[in-house]
Amino acid sequence: MEMNVNEAGQMNFNLPHDVVSLPSGGIFYPSKKKSVKVGYLTAADENILVNIDGRKTVKESIVLPLLRNKLYEPDLRPEDLTDGDIEAILLFLRNTSFGPEYNINAIDPATGKEFIAPVVLDELNIKKPKVAPENDGTFITKLPKSDILIKLKPLTMRDTIEIENILDSYPQGRISPVITLRLNKMIIEINGSSDKGEIAKFVETMPISDSKYIRSFLTENEPRLDLTKEVTAPSGEKVNLSIAFGLEFFRPFFAI
């Protein structure tokens, strides 16, 4: 029964839904779909939201099951979506269930006191990347320190979950390879070679400046919503906030 529920959203049922534009424009997927059909949250979906598995991350215990239920696209798996497109779908689900108003706890820099900053989620804009991806959804750039030409791709949900599962099983007392694991997923070619062993060897000896460059490059150029907002504190000071998709984002769903 659980498998049927998880796969329901992947079948092209004629269920109430809307069309959500993807910030990526579909460039990272074989179908190249610029928008997807997403169902509205129902009372049945609340079962997912109020039964969080504390042993799993928010992505595994909430986001992935929700997307499996509500993404009505048989040729696009939730695990294959990039973070930027997932964020757009989550905003749609939240806005259509509770409205676009979102309150964030912030600190007034002038007084040090906490205040509640209201943010309107449907006013968020899509970031304009400095470098556009290639037609196959990859980015080509040259590392500033190593002077090596590399091909990159944004992480998908599947990549992120695989990395998190490896880190969870890593022996205590040993340094977890969080940076190198992410780099090995991001880099798909070095100087024209896609050999995974060669890439892994290069990553292990990569200068820190190149590592930081890769992460900054993808952060700046992956098409996604701009999740930063400037608000005014009670003192009149301006405060820059970042919207995160952790438990706080889903908290309205937990009220019973």
Side-chain angles (χ1 to χ4, degrees), residues 20-36 57 59-60 63-64 67 71 73 75-90 125-167 170 175-228 245:
V20 177
S21 296
L22 300 177
S24 71
I27 188 68
F28 303 119
Y29 316 122
S31 66
K32 303 299 181 186
K33 287 183 176 177
K34 296 183 178 181
S35 59
V36 292
T57 63
K59 271 190 176 178
E60 289 180 288
V63 176
L64 185 54
L67 292 178
L71 180 63
E73 297 291 344
D75 58 350
L76 185 57
R77 302 295 298 178
E79 295 90 336
D80 296 327
L81 293 170
T82 62
D83 281 348
D85 288 343
I86 289 171
E87 290 163 357
I89 295 173
L90 293 178
N125 298 315
I126 295 177
K127 288 169 55 178
K128 293 182 179 178
K130 298 177 182 177
V131 178
E134 303 291 314
N135 290 334
D136 62 353
T138 62
F139 294 92
I140 297 174
T141 186
K142 182 171 284 189
L143 297 178
K145 184 70 173 177
S146 305
D147 201 36
I148 288 176
L149 195 68
I150 62 171
K151 183 180 284 189
L152 303 169
K153 73 173 187 66
L155 295 181
T156 63
M157 180 186 283
R158 177 178 286 107
D159 293 329
T160 302
I161 290 176
E162 287 178 0
I163 291 170
E164 289 170 346
N165 289 338
I166 292 173
L167 295 176
Y170 216 68
I175 298 173
S176 58
V178 57
I179 300 298
T180 52
L181 286 173
R182 290 177 64 85
L183 288 170
N184 274 297
K185 293 287 189 183
M186 294 172 177
I187 301 172
I188 57 177
E189 275 188 19
I190 53 171
N191 280 341
S193 172
S194 58
D195 182 84
K196 293 186 181 300
E198 187 177 343
I199 293 173
K201 184 177 179 180
F202 170 72
V203 166
E204 290 293 333
T205 59
M206 181 187 298
I208 286 179
S209 57
D210 284 346
S211 172
K212 291 176 64 177
Y213 171 81
I214 289 172
R215 286 173 283 153
S216 296
F217 179 92
L218 284 177
T219 298
E220 292 174 358
N221 295 301
E222 179 189 343
R224 63 196 308 166
L225 295 169
D226 185 354
L227 298 176
T228 60
F245 289 81

Practice item. Name all residues meeting the ring pair (Phe, Tyr, Trp, His ring centres under 6.0 Å) criterion together with Phe245; count only those two or more places apart in sequence or in a different chain, and write none if there are none. Key: Phe249
Point to revise | Set of residues satisfying side-chain hydrogen bond (donor to acceptor under 3.5 Å, both in side chains) with respect to Glu189, sequence neighbours excluded | key: none
Exercise for review: Not counting sequence neighbours, which residues clear side-chain hydrogen bond (donor to acceptor under 3.5 Å, both in side chains) with Asn165? List them please.
Suggested key: none
Exercise for review: List in chain and number order the residues that pass side-chain hydrogen bond (donor to acceptor under 3.5 Å, both in side chains) with Asp80, two or more places apart in sequence or in another chain; answer none if no residue qualifies.
Suggested key: Arg158
Point to revise | Pair listing, salt bridge (Lys or Arg N to Asp or Glu O under 4.0 Å) test, anchored in residues 22-36, at least two apart | key: Lys33-Glu73, Lys33-Asp75
Review point. Listed by chain and number, what are the salt bridge (charged side-chain N to carboxylate O under 4.0 Å, His left out) partners of Lys127, not counting sequence neighbours?
Key: none
Exercise for review: If a pair satisfies salt bridge (Lys or Arg N to Asp or Glu O under 4.0 Å) and one of its residues is in residues 212-227, list it, with sequence neighbours excluded.
Suggested key: Glu87-Arg224, Glu222-Arg224
**Study point:** Residues forming a salt bridge (charged side-chain N to carboxylate O under 4.0 Å, His left out) with Glu162, sequence neighbours excluded
**Key:** Lys185
Point to revise | side-chain hydrogen bond (donor to acceptor under 3.5 Å, both in side chains) involving Asn221 - partner list, sequence neighbours excluded | key: none
Exercise for review: Applying ring pair (Phe, Tyr, Trp, His ring centres under 6.0 Å), name anything that partners Phe139, two or more places apart in sequence or on another chain.
Suggested key: Phe217
Review point. Going by the salt bridge (Lys or Arg N to Asp or Glu O under 4.0 Å) test, which pairs reach into residues 198-211, not counting sequence neighbours?
Key: none
Exercise for review: With sequence neighbours left out, write down each residue that passes side-chain contact (heavy atoms from CB on, under 4.5 Å) with Lys142, or none if nothing qualifies.
Suggested key: Asp147, Leu149
